[in-house]
Each structure stands twice: as structure tokens, then as C-alpha cells.
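Values below: every heavy atom of this structure, side chains too, minus hydrogens, waters and symmetry copies. Predicted model, so just to flag it, every value in this text is computed and none were measured.
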Amino acid sequence: MTIDIDPEPIVKPVYDTETRRMVCKLISYLLQYPDTEWREGLHGVQEAVHSISDEKVKQTVLTFISSAQALDAIRWQDAYVRSFDFDKKSNLYLTYALYGDERDRGPALIDLKRRYEAAGFYMEATELPDYLPMVLEFIAEAPEQDAIGVLDSCHKALVSMTESIAGQNSPYGPLLTLMLQVIPEPSVSDVPELSKEEQKQPLGGLNEIVELMRRGSR
């Protein structure tokens, strides 16, 4: 008689809050466009990552930085564009992957902006609230419950994006995979939805979101 033995479940590592904040802060920087200033800042990131005790986390970030430094600036910029600019699933604007057009993205953008402001985090007027480096910066700096709330609302898009990038064999794949490993699993499965009344309200400063989208921001 053959006895089927279920394989052991894969246990996701649990990282402390300090490690999660540090990793999100570093990845927030590393996911920005790799211009000259970005490249000059890599040395500072290398120094900062050594304060992380987890060797796997440290090695992933240091390997990414070494790869960027080993490639000339133009070729690395090309890798960045190929990774994030040709597929909506791998787009750095998280709600674009989920909703696509302006009308459907609106409520999700409004929800994110409200979450930022409720936590005392005010985004730059030139950027949309779903831009991943900004989301990660918020997670790194916001009070714990506020950070978890944003993670819950964005988790589906983060998973979709990471799977898309990893499937491209992009140098950014391991970095995004690390991001998913470090952040906690969502406490709810669905993205929070605004009420019909909230969706209809323009609410003051939210007009710049619509304006930015009309100017071509994704």
C-alpha cells in the first residue's frame, strides 16, 4: 500500500518591524529611475544595508547593487525601462495594473491619498499616490497600523507586479521578491472599496490626481 505524504508547507520568514521598515526604505530608493544622482547614492545604500542582521536580505540587496554598478549607466537604464514600462502588470503605478483606465483607478487613488493624510504623510504634488517607491516610503515611515492598512490594500497589485517582473528575468526580480517576503501577508483578501458617496466626492486636494492622470501619468 502506498501512503501519500504531503510535502511540508513553505513557511514564509517573519521579519521584525525594524527590518521591514529598513528594507522598504532601501527598495523605495532602488526602484527609482537610475539617473546619475541615483547611481551616486548607491554607496550610501550599501552602507545602510550592513545594519540589517538578516544575511539573506543583506545579500539580495548587495547583489542587486553590485549588478547595477557593474553595468554602464545607459544599459542599466535600458534594463529599468524594459522592466517597468512595457507591460501594465509590471508598471510601478500599482492601481494601473489592477484597473487600467482613469475612471476605475480614481477611487483606489483617493483611498490611498486619504490613508497617507490620515497618518500625517503628505505626498509630493507631482506624483500619484500609487507610485511604488512612494508606497514603500510610506510603509517605512508610517505608524504600524497605517502601514499595514496600505499594505493590505496594495497586496494584490504587489504580487501581480512581482510575478510579472520575475517572469522577465529582470535584475529587479530578486529585489521585488524580497519585498514580498519582508512585508506581512494581508489581513483581508479584498481591496477596500469606497462607498458610492465617497466615490462621488471631489474632496479638496484630490483634483490634482485627476489632473496628473490627464497629463499622462500612469
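- The structure places CD1 of Ile27 at 4.5 Å from CG of Leu178, a figure rounded to the nearest 0.5 Å.
- Nearest heavy atom pair, residue Ala142 against residue Ala147, reads CB-N, 4.2 Å.
- Of the N and O atoms on the side chains of Gln46 and His50, not one donor lies less than 3.5 Å from an acceptor on the other residue.
- Between Met179 and Cys24, every side-chain heavy-atom pair lies at or beyond the 4.5 Å cut-off.
- In terms of heavy atoms, Tyr29 sits closest to Glu37 at OH-O, 3.3 Å.
- Among all heavy-atom pairs drawn from Ser83 and Ile165, the shortest one is O-CD1, 3.1 Å.
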Going through the checks in order, is the side chain to side chain contact (heavy atoms under 4.5 Å, CB included) test met by Leu92 and Met161?
-> CA-CA 8 Å; Leu92 284 171; Met161 178 185 186; 3.2 Å; yes
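- Between the side chain of Thr63 and the backbone N or O of Thr60 there is no donor-acceptor pair closer than 3.5 Å.
- Remark: side-chain polar atoms of Ser66 are paired, donor with acceptor, to backbone N or O of Leu62 under 3.5 angstrom.
- In summary, Lys25 and Glu141 engage in a salt bridge, as defined by a charged side-chain N under 4.0 Å from a carboxylate O.
- Ion pair Glu137/Arg21 not flagged as a salt bridge, since none of the NZ, NE, NH1 or NH2 atoms sits closer than 4.0 Å to an Asp/Glu carboxylate oxygen.
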Check against side chain to side chain contact (heavy atoms under 4.5 Å, CB included), Val81 and Phe86 | CA-CA 8 Å; Val81 171; Phe86 293 112; 3.8 Å; yes
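- Side-chain atoms of Tyr33 never come within 3.5 Å of backbone atoms of Trp38 as a donor-acceptor pair (strictly under, hydrogens ignored).
- By the ring pair (Phe, Tyr, Trp, His ring centres under 6.0 Å) test, Tyr15 is found to be paired with no residue, residues two or more places apart in sequence or in another chain being considered.
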Given side chain to side chain contact (heavy atoms under 4.5 Å, CB included), test Cys154 with Leu112 step by step and report yes or no.
-> CA-CA 9 Å; Cys154 293; Leu112 267 178; 4.1 Å; yes
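- Between Asp35 and Arg39 there is no salt bridge, since none of the side-chain N atoms of the basic residue sits less than 4.0 Å from a carboxylate O of the acidic one.
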Start with the C-alpha gap between Lys58 and Glu55, add the side-chain angles, then the distance that decides, and say whether salt bridge (Lys or Arg N to Asp or Glu O under 4.0 Å) holds.
-> CA-CA 5 Å; Lys58 188 184 301 182; Glu55 287 300 322; 3.4 Å; yes
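- Note: Arg115 CZ to Ser153 OG = 4.5 Å, rounded to the nearest 0.5 Å.
- With hydrogens and angles ignored, the 3.5 Å screen pairs a side-chain donor or acceptor of Gln77 with a backbone N or O of Pro34.
- Using cut-offs of 30° and 60° for the angle between ring planes, the Phe138 and Tyr116 rings count as tilted.
- Residues Arg75 and Leu71 share a closest heavy-atom pair of CZ-CD1, 3.5 Å.
- Atoms CG and CD, from Leu42 and Gln69 in turn, are 5.5 Å apart once rounded to the nearest 0.5 Å.
- Considering only residues two or more places apart in sequence or on other chains, Tyr172 meets the ring pair (Phe, Tyr, Trp, His ring centres under 6.0 Å) condition with Phe64, Trp76, Tyr80, Phe84.
- Residue Thr19 holds its OG1 atom at 8.5 Å from CE of Met22, rounded to the nearest 0.5 Å.
- Comment: Asp16 does not engage Arg20 in a salt bridge, judged by the lack of any side-chain N to carboxylate O separation of less than 4.0 angstrom.
- Once rounded to the nearest 0.5 Å, the distance linking OG1 of Thr95 with CG of Leu128 reads 7.5 Å.
- Among Val135, Leu132, Asp130, the single residue meeting the side-chain contact (heavy atoms from CB on, under 4.5 Å) criterion with Tyr93 is Asp130.
- Using a 4.5 Å cut-off on side-chain heavy atoms (C-beta onward), Asp85 and Asn91 make no contact.
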Full working for side chain to side chain contact (heavy atoms under 4.5 Å, CB included) between Gln181 and Val57 | CA-CA 10 Å; Gln181 291 173 344; Val57 170; over 6 Å; no
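- We find the NE2-CD1 distance between His155 and Ile148 to be 10.5 Å, quoted to the nearest 0.5 Å.
- When atom types are taken as modelled, the side chain of Thr162 and the backbone of Val159 share no donor-acceptor pair closer than 3.5 angstrom.
- Other residues, nucleotides and ligands contribute more than 12 heavy atoms inside 6.0 Å of the CD atom of Glu144.
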